Protein chains: 2
Amino acid sequence: MSKGEKKRRRALDAYSTLQRAASMASAQVEQAVHPFGLSASQFGVLETLQSRGPVHQQELAEALGRSKAQMTAIIDALEARGWVRRERHATDRRFISVYLTDDGRAVLVSTAPARSDAIVAIMAELSGDQRARLARLCRRLLRVLDPEQSIEPIDESHAEAHDDAADDAHDDDELDDPAVETTLPSPT
Amino acid sequence: MSKGEKKRRRALDAYSTLQRAASMASAQVEQAVHPFGLSASQFGVLETLQSRGPVHQQELAEALGRSKAQMTAIIDALEARGWVRRERHATDRRFISVYLTDDGRAVLVSTAPARSDAIVAIMAELSGDQRARLARLCRRLLRVLDPEQSIEPIDESHAEAHDDAADDAHDDDELDDPAVETTLPSPT
DNA sequence: TATTGTTATACTCTATAACTATA
DNA sequence: TATAGTTATAGAGTATAACAATA
């Protein structure tokens, strides 16, 4: 078998494994949030509102990678349950700002832990160092996949956007591998 | 910030990055296959038939993680285009074996390279070592996510006991696997 | 009675375009 | 005219349950 053939197969293997892990993980996480009656998108909206404060629907749509039409539906559902409210912009009445209500905040408070518990449970299979490595490898893929905004998703307030694994190295209870992916080598 | 808090945020970060990378990658790969008029599931069926030979619909459903009802629809579409054909099992007439036709094989031949090109292009962002590491980390996650069938990889069907960072320095040329293209396309 | 595959239904997501109201 | 949001529609994907033919 040729060298190129083999490399190709390795790439396919990495891809399919990545896909399978991501899909099973998200299934498990969504299941954890489901009892609260929140879809992943709805949760994302609430979370974004919490971290950014009131924003326009379009901004939400962009942040979460949905169309404005989808965002209308998502907000509709959240508004119907009283978790967000809409308010026209005072001066430019084309805009609608979406606000998180107290109820919405409460839902988030009770949902977020269930969600992150599920995520932590999955990620517990990896050591702290491995988690960081996984994130870094994925971020690297995102450089090709999403060159635009490959610098932070819907990050929480304090963005530690700089290269991770450097800050306080004593936060993980498991083996902190010192040989942390020092490479970050030459693209191409 | 507490130790647990931080660990939690790291887990969330790893999770969201994984999800984003997987979803953008699959979008890109599906786009590469789309011109051929094949959905990911349809491609998966053809590929499975190629590597395993004729199988029952239920076997296909299990292999690809779809319900038998879904599989009926998928096979319907493929059969309508003449890429597979159904045939009742001779002795137990409840079973239907699905065969890849010559046309189906031809479609696969012209589609598979486009698909794997797309995957290789994405994975080219990583070094060979990083690709292997990514696959290994994901497979590790699958141990919790899918304990059943988390065995089938390309080069370590047994070695899961040791910790990484040590392996994959060498090229094990060979591993002539008959089941090339075991790519199990992911649910979206 | 159990199993294979089909049909029917319903609900979610996604993708688009046409529409409104504002600017 | 351009933009923000809404509505309508159509297509996939998913999840069930009821059903027919076969065992």
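The shown structure was predicted, so the numbers you read here are calculated from the model rather than taken from an experiment. The chains referred to below are lettered A, B, ... by the order of the sequence lines, with proteins before strands, and numbering in each begins at 1.
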Could you run down nucleotides 16-23 of chain D 5' to 3' and tag each one B, S or - for protein heavy-atom contact under 4.0 Å? B-----BS

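Considering A:Leu141, A:Thr17, A:Asp13 as possible partners of B:Leu134, the one that fulfils the side chain to side chain contact (heavy atoms under 4.5 Å, CB included) test is A:Leu141. The residue from B:Val29, B:Leu108, B:Val120 that alone fulfils the side chain to side chain contact (heavy atoms under 4.5 Å, CB included) condition with B:Arg115 is B:Val29.
The distance from atom CZ of A:Arg66 to atom C1' of D:dG5 is 18 Å, rounded to the nearest whole Å. In this structure, B:Phe43 atom CZ and D:dA12 atom C1' are separated by 19 Å, rounded to whole Å. Whole-Å rounding puts the B:Leu38 CG to D:dG11 C1' distance at 17 Å.
Residues in residues 65-96 of chain B take part in these ring pair (Phe, Tyr, Trp, His ring centres under 6.0 Å) pairs, two or more places apart or across chains: B:His56-B:Phe95.
Formation of a donor-acceptor pair under 3.5 Å by the A:Gln19 side chain with backbone atoms of B:Ala22 is found in this model.
You can see that DNA chain C meets the heavy atoms of chain A within a 4.0 Å-exclusive cut from C:dC13 to C:dA23, reading 5' to 3'.
Looking at every heavy atom in both residues, A:Ala14 comes nearest to B:Ala135 through CA-CB, 3.9 Å. Contact between B:Glu30 and B:Ala40 at its shortest, heavy atoms only, is OE2-CB, 3.3 Å. Taking each heavy atom of A:Leu126 and A:Arg131 in turn, the nearest pair found is O-NH1, 2.9 Å. Annotation for B:Leu38 and B:Val33: closest pair O-CG1, 3.5 Å, computed over non-hydrogen atoms. The two residues B:Ala114 and B:Phe36 have their closest heavy-atom pair at CB-CE1, 3.7 Å.
If you chain together hydrophobic residues whose side chains sit under 4.5 Å apart, B:Leu64 and B:Phe43 fall into the same group.
A heavy-atom distance below 4.0 Å to DNA chain C is reached by none of the residues of residues 28-36 of chain A.
Axis angle between the ends of the helix from C:dT1-D:dA23 to C:dA23-D:dT1, five pairs each and rounded to 10 degrees, works out to 20°.
Residue contacts for A:Ser41: at a heavy-atom cut-off of 4.0 Å it reaches no nucleic acid atom on any strand shown.
Atom CZ of A:Arg93 has 12 or fewer neighbouring heavy atoms from other residues, nucleotides or ligands inside a 6.0 Å radius.
By the side chain to side chain donor-acceptor pair (under 3.5 Å) test, A:Gln50 is found to be paired with no residue, residues two or more places apart in sequence or in another chain being considered.
Comment: A:Asp129 engages A:Arg133 in a salt bridge, judged by a side-chain N to carboxylate O separation of less than 4.0 angstrom.
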